[in-house]
Number of protein chains: 2
Amino acid sequence: MVQESRKKEILKILDEQESLSVQELEGRFKVSQMTIRRDLTDLETRGYLIRKYGGAVKSEAVESLFSFNKRVEENGRQKEKICRIASGFIEEDDVIFIDCGTTLFRLSHYIQDKTRLRIITNSLPVVSELINYSNIKITFIGGDVVGDRKASYGDTAERLIGEYHADKAFIGADGVSLSKGLSSYDEKEARITRKMAENADKVFLLCDSSKIEKNSFYRFAPVSLINVLITERKISVENTSRYQDNDISIITNTEEV
Amino acid sequence: MVQESRKKEILKILDEQESLSVQELEGRFKVSQMTIRRDLTDLETRGYLIRKYGGAVKSEAVESLFSFNKRVEENGRQKEKICRIASGFIEEDDVIFIDCGTTLFRLSHYIQDKTRLRIITNSLPVVSELINYSNIKITFIGGDVVGDRKASYGDTAERLIGEYHADKAFIGADGVSLSKGLSSYDEKEARITRKMAENADKVFLLCDSSKIEKNSFYRFAPVSLINVLITERKISVENTSRYQDNDISIITNTEEV
DNA sequence: GTTGAATCGATCATAATCGATCATAATGTA
DNA sequence: TACATTATGATCGATTATGATCGATTCAAC
């Protein structure tokens, strides 16, 4: 058996059983413990599993290269709907910031047929999705590339965003509430998001309804930063009017604007 | 049996069994290992399978969106060799510029197992290839993304490179000669290349031998910019010494330094 | 905490495989 | 037939994978 296929086999086994031991693999493949250890070490540096004493366990995010495979599936239909609605706000010749994250990634599906756009993003999946469309010009925000997020972050990235100005920014958040503003689970992402919002004329927050009036741990901006909140279904009349009192339009389908 | 039908047989076998070894094919077809290896190498360059130590595995159906299509590439083996040689110059903790282009892309294969590197690049395929390796930190040079080159260019990109400093730069060119220096077919690429070279302590030009003492239309730097020229086969003694007179080492295999 | 067993990783020696090269055989062609 | 082209096999130094050893580390049971 070829070495590489043994490693593939190992991953297949791990796909079905949460954890595995060096011993069991040693017997399974008829090779020495040392060889198994070497395989596991290698697979770990490639991010496919996490080495433990005596064996290995599943890695949290075993996603393929630039797709968000698994996470994309969660609430997929909701996100699709949100993005379809959001795409209605994109007009010819717009310059647009697109935030990173699984929701925003889907937006790129809906803008492929728009004419003459400039997209400014720090998201590699977005670039990957739009790179072959000649009608769309892409500016990628450089910086430190973070593997599991497939995007770039850091001081350089933030500074670069500040050098651009966009007509519209499409951003995400892990929570939004009138009292605490926008919040995120990840600080470095939040800093990028805020920077994009600050440098755009009009800010659209794409956010599924479960996150509305919820807060995540890092608060990074007041609600006044956003102009439009797009979500997949109607929210309570009470909340709608409270947001509107703060000059934020809430959009849940393409008819009402 | 005719050669071509043996190759077809090999693909049939691979269709059913994930991977195959040189050994098993040797017995199956009653030919020498060398012949099997040649078959596999050929099938690989045509994109039908992926060569691994000891045999071959199925070609992945879904390749990374950012990787170059290897099968249609000319001089693939030469480029592989050049990059294998070049990788020998990479040391632990190095900060490295990697230029874009099909040759330099292959370098990323050979640096995956290096420990602790920082790669600074404007090449999306390079990022795609290395993004999952936790031992390698990646800084992406932002800027205008050019689809068919899968890299970013422009004033922003050039300015950003100037903000960094690397121990080594690995660059490419479409021509190099003592009299006219480095030349390129593409001005915007050349500007990036030059900028990387200017901001690195040591500059390695990776260049197949057909481009040596040839010139392309845009001359962008004197030969004095480079320190080492790596190519796939020995060049004339005369040329070798002439380059050495200009303080440029010519490397064609791993021994001589 | 102490102890013993299991596991780990570093290192070295060995084995398998690799690709480059050259010689030979098979095939095609004038 | 003579010659060029192509495929194959054999050899060899280089590279890579593997296995064995051993002191260090980790774990679990006491």
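Quantities reported herein were computed from a predicted structural model and do not represent experimental measurements. Below, chains carry the letters A, B, ... as their sequence lines are ordered, and counting in each starts from 1.
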Whole angstroms only, please: what is the CD1-P distance between B:Ile36 and C:dC18?
11 Å

If we fit an axis to the first five pairs and another to the last five of the helix from C:dG1-D:dC30 to C:dA30-D:dT1, what angle do they make, to the nearest 10°?
40°

Please list, chain by chain and in numerical order, all residues satisfying side-chain contact (heavy atoms from CB on, under 4.5 Å) with B:Ser216, sequence neighbours excluded.
B:Asp174, B:Ser183, B:Tyr185

Quick one: salt bridge (Lys or Arg N to Asp or Glu O under 4.0 Å) partners of A:Glu158, sequence neighbours excluded?
A:Arg191

By salt bridge (Lys or Arg N to Asp or Glu O under 4.0 Å), B:Lys30 pairs with (sequence neighbours left out) none

Can a side chain N or O of B:Arg51 be found less than 4.0 Å away from OP1 or OP2 on C:dC18?
yes

Residues that B:Ser177 engages under side-chain contact (heavy atoms from CB on, under 4.5 Å), provided they are two or more places apart
B:Ser179, B:Lys180, B:Glu213, B:Asn215

Interface polar pairs with nucleotides 9-12 of chain D, N/O, under 3.5 angstrom:
from  : atom 1 : to      : atom 2 : distance (Å)
D:dG9 : OP2    : B:Ser32 : N      : 2.9
D:dG9 : OP2    : B:Ser32 : OG     : 3.1
D:dG9 : OP2    : B:Thr35 : OG1    : 2.7
D:dG9 : N7     : B:Arg38 : NH2    : 2.7
D:dG9 : O6     : B:Arg38 : NH1    : 3.4
D:dG9 : O6     : B:Arg38 : NH2    : 3.4

Could you state the atom-to-atom distance from CD1 of B:Ile85 to P of C:dA20 in whole Å?
10 Å

Go through it in stages, so that I can follow the logic: the residues are B:Thr231 and B:Ile212, the test is side-chain contact (heavy atoms from CB on, under 4.5 Å), and I'd like the CA-CA distance, side-chain angles, deciding distance and then a yes or no.
CA-CA 9 Å; B:Thr231 191; B:Ile212 296 177; 4.0 Å; yes

Sort me out a list of protein N/O and nucleotides 26-30 of chain D N/O pairs below 3.5 Å, or just none if empty.
from   : atom 1 : to      : atom 2 : distance (Å)
D:dT26 : O2     : A:Tyr53 : OH     : 2.9

Of A:Gln23 and B:Lys52, the one whose closest DNA chain C nucleotide lies more 5':
A:Gln23

Just to verify, what does A:Asp155 make a salt bridge (Lys or Arg N to Asp or Glu O under 4.0 Å) with, not counting sequence neighbours?
none

Can you sort out the partners of A:Leu40 under side-chain contact (heavy atoms from CB on, under 4.5 Å), two or more places apart, ordered by chain and number?
A:Ile10, A:Leu20, A:Val22, A:Leu25, A:Ile36, A:Leu49, A:Arg51, A:Ala56

Set of ring-ring contact (aromatic ring centres under 6.0 Å, His included) partners for B:Phe170, sequence neighbours left out
B:Phe204

Could you please spell out the steps behind the side-chain contact (heavy atoms from CB on, under 4.5 Å) verdict for B:Asn199 and B:Phe97?
CA-CA 9 Å; B:Asn199 288 280; B:Phe97 279 127; 3.8 Å; yes

Euclidean distance, atom CG of residue A:Asp39 to atom P of C:dT7 [Å, nearest integer]
17 Å

Filter on salt bridge (Lys or Arg N to Asp or Glu O under 4.0 Å), then keep only pairs touching residues 130-147 of chain B, sequence neighbours left out; what's left?
A:Arg118-B:Asp144

side-chain contact (heavy atoms from CB on, under 4.5 Å) against B:Ser32, all qualifying residues, sequence neighbours excluded:
B:Met34, B:Thr35

To the nearest Å, how far apart are B:Ile82 CD1 and C:dA20 P?
12 Å

